[in-house]
Visitor: 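Handing you a structure now.
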Amino acid sequence: MPIAPENLIAPGTEPERVASGAVWAEGPVWLPERRAVRFSDIPGNRVLEFSEETGTLEVYAVDAEYPNGRALDRSGAVVQCSHGRRAIERDTGTTPGAVPAVQTLVDSYNGRRLNSPNDVVVKSDGTIWFSDPSYGIQKDTEGHPGREEYGDRYVFRFDPASGELTPAVTDVEVPNGLAFSPDESILYVSDTSLGTPAMDGGTRLHGHAIHAYDVVDGRFARNGRVFAEVTPGVPDGFRLDAQGNLWSSSGDGVRVFSPGGTEILHIPVPETVSNVCFGGDDGRTLYMTATTSLYRIRTLVTGAVS
């Protein structure tokens with residue numbers, strides 16, 4: 001049976017706005033060593049950090065080339081999606097307010113540039129899985145104008161050890177948010193193509209749904225099916241808790257789904273939520289980037305590792 005809502009958050013608990021000042025906030029990740037949440041103001045082309053210890057917001061990086069989704073690799077370094085560089089990159093550290101120092105990990109497929117990587121997760125074996133829609137080359141405020149050079153929009157699997165880049169999911173119209181189930185047996189992929197014409201006349205999966213794929217041999221995504229539909233809005237970004245419940249952004253807050261795809265909780269937020277991450281010293285604080293602001297709410301469950 002799905003977990004009861006009162007076992008996810010305490011009754012009466014409401015989101016708290018802890019920082020503001022962005023144009024479109026995205027790509028949150030919890031940094032345990034800094035006890036901070038790092039996220040992007042994509043149109044502002046900058047990276048922000050909220051310190052849980054001091055309660056202050058600071059500019060981490062400027063002229064950042066429009067980064068979006070982030071995850072930690074097995075060493076604890078930040079891996080992020082760059083719209084501007086059309087690449088997956090590793091943040092190698094910088095001083096607050098400076099131009100970031102980054103290392104490009106991958107920026108092309110079969111000799112053609114990627115579109116604009118959007119969200120990323122790192123599997124326990126160190127491989128990096130990322131979605132590659134084309135928002136950063138279509139929207140002037142999210143990157144630089146460009147074209148889809150390899151002619152499609154995939155979810156890729158990248159192996160830093162071998163340098164191998166392979167398509168993992170090819171049947172979603174506009175792949176966006178990504179997450180693994182706690183045991184990494186399922187890969188969840190959101191489609192944010194609502195209102196976008198299908199590239200092939202309508203035969204591919206499209207809409208405002210989250211799709212689930214079985215992970216076979218640790219490297220192949222198979223047996224795609226609709227896990228849940230998110231409305232209003234689209235499931236831009238999401239994360240799972242340790243019990244396998246999926247916490248997704250939506251047009252009116254965060255919607256939580258059981259491992260079976262049943263909606264079990266709605267957390268209203270006064271701005272459009274773009275993405276979420278679990279943080280805090282105990283992993284029981286859900287941080288939410290939402291239009292201009294960063295919100296948080298205490299939960300009764302811990303976030304999954306991925």
Visitor: Without swapping roles, check the side chain of Ser131 against the backbone of Asp119 for a donor-acceptor pair under 3.5 Å.
Guide: yes
Visitor: In terms of heavy-atom contacts, does CZ of Arg112 have more than 12 from other residues, nucleotides or ligands at under 6.0 Å?
Guide: no
Visitor: If hydrophobic clusters are built by linking Ile, Leu, Val, Met, Phe, Trp and Tyr wherever their side-chain heavy atoms come under 4.5 Å apart, do Leu294 and Val254 end up in the same one?
Guide: no
Visitor: Does Leu265 belong to the same Ile/Leu/Val/Met/Phe/Trp/Tyr cluster as Val276, with side-chain heavy atoms less than 4.5 Å apart forming each link?
Guide: yes
Visitor: Look at the side chain of Ser274 and the backbone N and O of Ala25, then say whether any donor-acceptor pair between them is shorter than 3.5 Å.
Guide: yes
Visitor: Classify the angle between the aromatic ring planes of Phe50 and Tyr287 as parallel (below 30°), tilted (30 to 60°) or perpendicular (above 60°).
Guide: tilted
Visitor: Side chain of Arg153, backbone of Thr170: donor and acceptor closer than 3.5 Å?
Guide: no
Visitor: Apply side-chain contact (heavy atoms from CB on, under 4.5 Å) to the pair Ser190 and Asn176, showing each step before the final yes or no.
Guide: CA-CA 5 Å; Ser190 72; Asn176 197 321; 3.5 Å; yes
Visitor: Quick check: does any side chain N or O of Ser134 sit under 3.5 Å from a backbone N or O of Ile137, one acting as donor and the other as acceptor?
Guide: no
Visitor: For residues 102-110, which side-chain donor-acceptor pairs fall under 3.5 Å, sequence neighbours excluded?
Guide:
from: Gln103; atom 1: OE1; to: Arg90; atom 2: NH1; distance (Å): 2.9

Visitor: Quick one: does Ser248's side chain have a donor or acceptor within less than 3.5 Å of a partner on Phe238's backbone?
Guide: no
Visitor: Okay, side chain of Asp217, backbone of Arg219: is any donor-acceptor separation there less than 3.5 Å?
Guide: no
Visitor: Between Asn115 and Asp152, is there a donor-acceptor pair closer than 3.5 Å when you use the side chain of the first and the backbone of the second?
Guide: yes
Visitor: Between the side chains of Glu271 and Thr292, is a donor N or O closer than 3.5 angstrom to an acceptor N or O?
Guide: yes
Visitor: Kindly say whether the aromatic ring centers of Trp247 and Phe278 come within a distance under 6.0 Å.
Guide: yes
Visitor: Going hydrophobic residue to hydrophobic residue with side-chain gaps under 4.5 angstrom, can you get from Tyr66 over to Val29?
Guide: no
Visitor: Are Leu286 and Ile3 connected into the same hydrophobic cluster when the rule is that any two of I, L, V, M, F, W, Y join if their side-chain heavy atoms are below 4.5 Å apart?
Guide: yes
Visitor: Shared ILVMFWY cluster between Phe39 and Val269, side chains joined below 4.5 angstrom?
Guide: no
Visitor: Is a side-chain donor or acceptor of His83 paired with a backbone partner of Glu142 at a separation under 3.5 angstrom?
Guide: yes
Visitor: Would a distance-only check, ignoring hydrogens and angles, find a side-chain to backbone donor-acceptor pair under 3.5 Å from Ser258 to Gly260?
Guide: yes
Visitor: Side chains of Asp132 and Tyr150: is there a donor and an acceptor less than 3.5 Å apart?
Guide: yes
Visitor: Just by modelled atom types, is the Val37 backbone N or O under 3.5 Å from a matching donor or acceptor in the Glu49 side chain?
Guide: no
Visitor: My understanding is that only residues two or more places apart in sequence, or in another chain, count here; which of them pass side-chain contact (heavy atoms from CB on, under 4.5 Å) with Asn223?
Guide: Asp214, Arg225
Visitor: Does the gap between the ring centers of Phe156 and Phe158 come in under 6.0 Å?
Guide: no
